[in-house]
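In what follows, a single structure is set out as C-alpha cells and then discussed.
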There are 2 protein chains.
Amino acid sequence: MPEKDGGKAGGMVRAAGARRELRLPERQPLRQPSRQPSIKDIARLARVSHPTVSRALQNSPLVNPATAAKIRKIAEAAGYRPSAVARGLVTRRTRTVGLVVTTVADPFAGEVACGIEQAANDHGYAVFLANSNADAECERKMVQALAERRVDGIIVTSSRVGSDYLPMLAELNVPMVLVNDQYPGEFVHSVMIANEDGSRAATEHLIELGHRRIAYVGDRSGYQTETERLEGYKRALGAAGIGFAAELAVHGDGRPEAAVTAMDGLLKLADPPTAVCCYNDMTAMGAMKAIRGRGLRVPEDVSVTGFDDLFFAEYLEPPLTTVRQTMRLMGRIAMESLFKLMSGEDSVAQVKVEAELVVRGSTGRVRTNPGPQVQGITTPASTDRSPGTPGTRGTHAQGAGRRLG
Amino acid sequence: MPEKDGGKAGGMVRAAGARRELRLPERQPLRQPSRQPSIKDIARLARVSHPTVSRALQNSPLVNPATAAKIRKIAEAAGYRPSAVARGLVTRRTRTVGLVVTTVADPFAGEVACGIEQAANDHGYAVFLANSNADAECERKMVQALAERRVDGIIVTSSRVGSDYLPMLAELNVPMVLVNDQYPGEFVHSVMIANEDGSRAATEHLIELGHRRIAYVGDRSGYQTETERLEGYKRALGAAGIGFAAELAVHGDGRPEAAVTAMDGLLKLADPPTAVCCYNDMTAMGAMKAIRGRGLRVPEDVSVTGFDDLFFAEYLEPPLTTVRQTMRLMGRIAMESLFKLMSGEDSVAQVKVEAELVVRGSTGRVRTNPGPQVQGITTPASTDRSPGTPGTRGTHAQGAGRRLG
DNA sequence: CTCCTTTATGCACACGTTTGCGGGCGCAAT
DNA sequence: ATTGCGCCCGCAAACGTGTGCATAAAGGAG
C-alpha cells in the first residue's frame, strides 16, 4: 500500500466533496470488517501529521489549542477510537489487570470481583476475568496466560497455589496481590480478613448464650483461611475452659451440599451439639437444612453461625447470625494496593481488614433442660421460644473483631 | 540482532558487517528491571532470525523440526512468553471478548459470566469484565471502552440500552450478542430464556393448586424480560378464566429489599392474595420474608414461586418452587454464538432456551376454608398442613416450558 | 537586520510480533 | 554440468501508536 501521495491527490478528492471515508454510508456493510479508522486516517483528514493527532487527543500542551479542537472534532465525527493495543505496545503499559478467582458464580468471589472492577474502572483500567475452578494447575495456567496478555498487575483470590508464587512472581515480573489467602512468608502482598478474630467472636457469642457443646463445620483442611477460622474457634473454646472435641470438628468443602451431610453426621452423634460454628454462610445454609431435615429447629434446638454475611444471610429463616466480611471493600483495597505496587511503591505487604459479628436470629440461648433427646428424632413439642433469643428480624450489628497482632 | 555470521560468535564480526546498526546490543542487558525476553532475544540465543522463532513456536511446517525443537527448548528455558498485544496488533485479532453485566455480584450475572468465561477459555480467549451498574449511560461507556481495547466481540447481559445498539453496532463494527434482553428488532443477536412460558407455567401450577387470587411482584416496568414474564402470568390467568386485577400486580426492582415492601403492600390489601408469582428468586426471597413478617406461613397461607433457580433456592425454608434457568449454559451458548459471528457466520440471530418449572415446598394447595383472615394478623393456629403439599425436600422437576412461536 | 526564544509541527524512529517473498542449498532428473 | 524443485530460513514490511529531536514560523530584543 504505497499510498505516499503526500496528500496531493487526497486533498483534491476531498475538496471535491467526497466525504471522509468510503465504508460507512451504505455500500459494503457485509464485506471486509471495514477497518476502524486509524490515527493516520484522522491525520490525513485534518491535514496534520499523526503525532500531532496523538498529542491533540491526549491534551498535550504542545499543540495549538485551535488545531487541537479541530482535530478532536474530526476524530469525533469519524468515530475514531485509539487502539489500546497499539498504545500498549509502545507504552509498555496496558492499563489492564488480571483477576483470577475460583469461580465468579461464587457469591463471595462475585462481591470481591465487583469491588475490584469498580476500583479499576475508576482509574481507567480494564480487568481480565479468569476462573481457576479451585484447581492449582489451572490457576497457574491462568496466571501465565495473563502474563502473556501483558497485564500490568494480577490479583488472585482464594489462591490454591501458595508458595509457588514466589518463583512465578520472580519470573513473570508482574506485581501481584493475593486476596483471602496468605502465603506465610513476607514477600507476597495480600489483603485478607481477620479470620481468627471473626471465628472467635462467633464462638464466644455462642458460649455467652450458654452453649458448651459447640461444633465446627469447616472447609477442606489445609487452606489458610480454614486453618485460621478453626483456630479462632479453638481459642474461644480454650478461653472458656471448654475442651476441644475432635468429633465435633468436621469438614465440608465450602459449599452447602457437603455441609448438609457433614452436619447430618454431627446430629447423629450420641451427644449432638447444641450449636455449630460454620466456616462460611454457604456452609451454614447447608447446616440449617440438615438440622431441619431431622425435625429440629434453629435456634431452639441448634444455634448456627456463618461467616461472610452474603446477601442472602438476612433472608434465611431464621436470619443468619454471621461474621461480616466487607467483600467489596476488600476488593477495592486489593486493587488500590496493586496500584501502589504498579507505580513502584513496595510498601504494601499485608493488609488485614477487621471482621464484624452480626447477630441475627439463628443463634439463641441454649435450652435450659437438656430434654429427652436421646435420638435424632425429638419431640416436636419442644419448640419453646426461650427468652433471650433476639428478635428474628433484627439486623443490628454488635461486637467487632479486633486487629490481630 | 541481525548477526548471521554463522561460525564465530563475538564482536569482530560485527565490526566487519557493521550495517545500519543501532546502539541497542551492548547497552541493554543491565537496564530496566529485566525486561521480559522478546522474540529477538530468543532468536539471538538460538542463532536464528526472529521470524524463524515465531514459526517454530506456532508449529509451522516451514521450519526444520530439529531447529524447532531447539528453539522451543531455548524459549522455554528463557521463560519466553510471546506478547499477546504485539501479536494482536499485527494479527488484528486479540482473541479477547468483552462482557458487560449489571454487576458480577448479582448471582444471575455471576452464573452467566461463569459459563461465558469457561467457553471463552476453552477456545483460548480471554474475557474483559465490565460492570454497568444497570445504568444505560455507563453501559454505553463500557462498550466504547471495550471497543478501544479492540475486543473481537462483546456480550452484554441484561442490557439497559436496547435499540441504541443498532447505530452503535454499526459504528463499532464489533460482533455483539445480548443475553436476557432482546431488542424487538431482527438485527441484533441474542440468547434469552422463554420468559413467558416459564412465568405461565409457574402461574398455571398455582392455579392447579386451587389458587384464584394470585399476585405478581415484578421488576421495574419497561424491561423486556419483565414485560414477558408479566405477560405469561396474565395469559395463565386468562386461560383459567381468572380476571387480571391491577391491584395484584406490583413492581419491585429485582432485589429482595424492594420485594419486601412490595409484598407487604399486597398483604395489607382487604382481600390479600393466597399466592404470589415473583419475577425472580431474589424477589421471591424478599416476598417470603415479608410474609413471615406478618406472621403468615409459606405455603400454608401464601404460596410463592420464583424464577431463575439460583443456588440458594433449594435451601430456603421452605425450598422455593421456581422456574429454572440454565444460566451457565446460556452463557456458553452466548459465547458460542459470538464465536460464530466472529468467524463470519451471520446466521445466529435469536436463540431462546427453554425454561423448566421446579416444584418444591413453597407452593401448596390453597386453604379450603377461607378462614377468618380479615386482618393481616391471622391466628397462629391456622398452620394445618393441608394434604397435597409436596414434600418440602423434593427437587424433582416437573413440566417444561415449550418453544414460543 | 540578526540572534535568540518560544511555539507548533513534522520526522524518524521504536514497541514485538506475523507474513509474503525471495534466495541459498541439497538432491534428483535430464 | 546444468536445470529444476522442494526445503528452510532470512529480509523487510507491516500493524497503530507514542515520543525525542530537529525545525519552521513567529515574535521580541539587541
How many Å lie between [atom1] on [X] and [atom2] on [N], as a whole number?
| X | N | atom1 | atom2 | value |
| --- | --- | --- | --- | --- |
| A/Lys40 | C/dT9 | NZ | P | 20 Å |
| B/Ile39 | C/dG16 | CD1 | P | 11 Å |
| B/Asn64 | C/dC25 | CG | C1' | 13 Å |
| A/Leu62 | D/dC21 | CG | P | 14 Å |
| B/Asp41 | C/dC15 | CG | P | 11 Å |
| A/Arg93 | C/dA14 | CZ | P | 23 Å |
| B/Arg44 | D/dC9 | CZ | P | 19 Å |
| A/Leu57 | D/dT17 | CG | C1' | 11 Å |

So, are [X] and [Y] salt-bridged, with charged N and O less than 4.0 Å apart?
| X | Y | answer |
| --- | --- | --- |
| A/Arg140 | A/Glu137 | yes |
| B/Arg160 | B/Glu139 | no |
| A/Glu336 | A/Arg332 | yes |

| request: Indicate, yes or no, whether a donor-acceptor pair under 3.5 Å links the base of C/dT9 to the side chain of A/His50. | output: no

| field | Side-chain-base donor-acceptor pair under 3.5 Å for B/Arg81 and C/dG16 | value | no

| request: Determine the contact category for A/Pro82: base if any of its heavy atoms lies under 4.0 Å from a base atom, sugar-phosphate if only primed atoms, P, OP1 or OP2 are that close, otherwise nothing. | output: sugar-phosphate

| said: What's A/Val48 touching, base or sugar-phosphate or nothing? Going by heavy atoms closer than 4.0 Å. | reply: sugar-phosphate

| note | Closest non-hydrogen contact found for A/Tyr125 with A/Thr96 is CD2-N, 3.4 Å

| So which heavy atom on B/Ala86 is nearest to which on B/Ser83, and how close? | N-OG, 3.2 Å

| task | Could you tell me whether B/Lys70 atom NZ has more than 12 heavy atoms of other residues or ligands within 6.0 Å of it? | result | yes

| field | Strand contacts (DNA chain D) in residues 65-73 of chain A, 4.0 angstrom heavy-atom criterion | value | none

| Within residues 144-154 of chain A, residues whose heavy atoms come under 4.0 Å of DNA chain D | none

Picking from [options], which would you name as closest to the side chain of [X]?
| X | options | value |
| --- | --- | --- |
| B/Arg55 | D/dC11, D/dG20, C/dT17 | D/dC11 |
| B/Ser83 | C/dC15, C/dT17, D/dG10 | C/dT17 |
| B/Arg92 | C/dC15, C/dG16, D/dC15 | D/dC15 |
| B/Thr52 | C/dG16, D/dC15, D/dG10 | D/dG10 |

| Among A/Val177, A/Ile155, A/Val101, which one satisfies side-chain contact (heavy atoms from CB on, under 4.5 Å) with A/Ile116? | A/Ile155

| request: Find the distance between OG1 (A/Thr94) and CZ (A/Arg150) and round it off to the nearest 0.5 Å. | output: 9.5 Å

| remark: Taking for B/Pro51 and for A/Leu89 the nucleotide of DNA chain D with the nearest heavy atom, the one nearer the 5' end belongs to B/Pro51

| query | Do B/Met342 and B/Val97 have side-chain heavy atoms sitting under 4.5 Å apart? | reply | yes

| task | Specify whether B/Phe128 and A/Phe128 have parallel, tilted or perpendicular ring planes, treating 30° as the upper limit for parallel and 60° as the lower limit for perpendicular. | result | parallel

Please state whether the phosphate of [N], meaning OP1 or OP2, lies under 4.0 angstrom from any side-chain nitrogen or oxygen of [X].
| X | N | result |
| --- | --- | --- |
| B/Ser38 | C/dG16 | no |
| A/Ser54 | D/dG18 | yes |
| A/Arg87 | D/dG18 | yes |

